[in-house]
Amino acid sequence: MVREAVQSDLDAILELYLFLHEDSIPEKDGHLRDTWTQIIQDPNHHLIVNEVDGKIISSCVCVIIPNLTRNVRPYAFIENVVTHEAHRGKGHAGACLEFARQIAERKNCYKMMLLTGSKEAETLRFYEKAGYNSSDKTAFIQWLGMDR
């Protein structure tokens, strides 16, 4: 079942992120709780999860960004696309991306964008199959506050 995350999903999402690029679960302190509350309460921040047999096995984030161009239409940014290792290749992340697309369409977005750090052909084909292309724009990233 694909849905938006709720307050009680935090622990499951943090565990799932171990299959993304995290190597540990962050300390459950006030900063984490405040950040989680901010995410859950932000009407432009959609943390989408796919649940199978009561367990969150895939997720993505869709942030709607207000915009003054393109006839004052917002755009959507997709981030943190992840599926539990044991459930990959079964369409779970694709279902999350489709749910995000539906949100973006309801919000009248004129485009959706995502970045991936993966160079794996299989991952790139997955995003192309989901409707994204890598030819329209060039992405640049500047990392802040970390050794990269």
Side-chain angles (χ1 to χ4, degrees), residues 1-134 136-137 139 141 143 146:
M1 172 180 69
V2 180
R3 60 176 175 79
E4 289 204 48
V6 296
Q7 190 80 32
S8 60
D9 289 330
L10 177 59
D11 289 340
I13 290 167
L14 292 175
E15 286 181 29
L16 180 63
Y17 281 173
L18 293 173
F19 294 95
L20 185 60
H21 48 64
E22 298 300 309
D23 55 9
S24 65
I25 293 174
E27 183 180 336
K28 293 180 182 159
D29 59 9
H31 178 62
L32 176 66
R33 285 188 298 275
D34 290 347
T35 300
W36 179 239
T37 298
Q38 181 180 359
I39 289 168
I40 289 295
Q41 292 179 353
D42 183 345
N44 287 321
H45 197 133
H46 304 271
L47 203 159
I48 299 158
V49 298
N50 195 338
E51 193 176 61
V52 173
D53 297 328
K55 181 175 176 162
I56 294 173
I57 51 89
S58 190
S59 179
C60 75
V61 171
C62 175
V63 178
I64 307 299
I65 302 169
N67 182 38
L68 295 174
T69 66
R70 302 289 180 154
N71 217 13
V72 194
R73 292 176 66 194
Y75 57 93
F77 189 78
I78 305 299
E79 184 64 85
N80 296 338
V81 180
V82 61
T83 299
H84 186 288
E85 177 175 81
H87 296 273
R88 291 184 180 156
K90 300 174 185 171
H92 299 298
C96 288
L97 290 175
E98 173 58 24
F99 194 92
R101 187 183 64 76
Q102 292 170 12
I103 290 170
E105 287 178 338
R106 278 196 312 273
K107 299 287 187 173
N108 196 33
C109 292
Y110 78 94
K111 71 177 176 182
M112 295 178 71
M113 298 184 300
L114 68 79
L115 300 173
T116 181
S118 177
K119 306 291 187 226
E120 298 290 326
E122 183 178 345
T123 301
L124 301 179
R125 278 193 303 272
F126 164 72
Y127 289 124
E128 288 172 352
K129 184 178 174 188
Y132 295 87
N133 74 71
S134 60
D136 288 348
K137 299 264 184 174
I141 297 175
W143 297 101
M146 55 193 310

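Quick note: residue numbers are just sequence positions, from 1.
When all heavy atoms of Glu51 and Gly54 are compared, the closest pair comes out as CG-C, 3.7 Å. Smallest separation of non-hydrogen atoms from Val63 and Val61: CG2-CG1, 3.7 Å. The two residues His92 and Asn50 have their closest heavy-atom pair at O-ND2, 3.1 Å. Nearest heavy-atom pair, Ile40 versus Ala5, reported as atom, atom and distance to 0.1 Å: CD1-O, 3.7 Å.
Every residue two or more places apart in sequence or in another chain that forms a ring-ring contact (aromatic ring centres under 6.0 Å, His included) with Phe19 is listed here: His84. Remark: Gln102 pairs with Glu98 by the side chain to side chain donor-acceptor pair (under 3.5 Å) rule, at least two apart or across chains. Every residue two or more places apart in sequence or in another chain was checked for a side chain to side chain donor-acceptor pair (under 3.5 Å) with Ser59, and none qualifies. Not counting sequence neighbours, the partners of Asp136 by the side-chain contact (heavy atoms from CB on, under 4.5 Å) test are Asn133. Applying the side-chain contact (heavy atoms from CB on, under 4.5 Å) criterion to Val6, with sequence neighbours excluded, gives Arg3, Ser8, Asp9. Applying the ring-ring contact (aromatic ring centres under 6.0 Å, His included) test to His46 and every residue at least two apart in sequence or in another chain returns nothing. Partners of Ala12 according to the side-chain contact (heavy atoms from CB on, under 4.5 Å) rule, which considers only residues two or more places apart in sequence or in another chain, are Ile56.
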Step-by-step side-chain contact (heavy atoms from CB on, under 4.5 Å) determination, Ile48 to Ile103: CA-CA 10 Å; Ile48 299 158; Ile103 290 170; 3.9 Å; yes
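Residue Ile25 holds its CD1 atom at 10.5 Å from CG of Leu16, rounded to the nearest 0.5 Å. The CG atom of Leu47 lies 6.5 Å from the CD1 atom of Ile39; values are rounded to the nearest 0.5 Å.
Counting only residues at least two apart or on different chains, the salt bridge (Lys or Arg N to Asp or Glu O under 4.0 Å) pairs with a member in residues 102-111 are Arg101-Glu105. Applying the side chain to side chain donor-acceptor pair (under 3.5 Å) rule to pairs touching residues 67-80 yields Asn67-Thr69, Arg73-Asn108, sequence neighbours excluded. Sorted by first and then second residue, the side chain to side chain donor-acceptor pair (under 3.5 Å) pairs involving residues 18-36 (not counting sequence neighbours) are Asp11-Lys28.
Within the 4.5 Å cutoff, the side chain of Phe126 has heavy atoms near those of the Leu97 side chain. Side-chain contact between Val81 and Cys96: absent, with no pair of heavy atoms (C-beta onward) separated by less than 4.5 Å. Within the 4.5 Å cutoff, side-chain heavy atoms of Cys62 are placed close to those of Ile78.
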Validation: residues 113-121 side-chain donor-acceptor distances under 3.5 Å, sequence neighbours left out:
{"from": "Thr116", "atom 1": "OG1", "to": "Ser118", "atom 2": "N", "distance (Å)": "3.1"}
{"from": "Ser118", "atom 1": "OG", "to": "Glu120", "atom 2": "N", "distance (Å)": "3.1"}
{"from": "Ser118", "atom 1": "OG", "to": "Thr123", "atom 2": "OG1", "distance (Å)": "3.4"}

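More than 12 heavy atoms of other shown residues, nucleotides or ligands fall within 6.0 angstrom of atom CD in Gln7.
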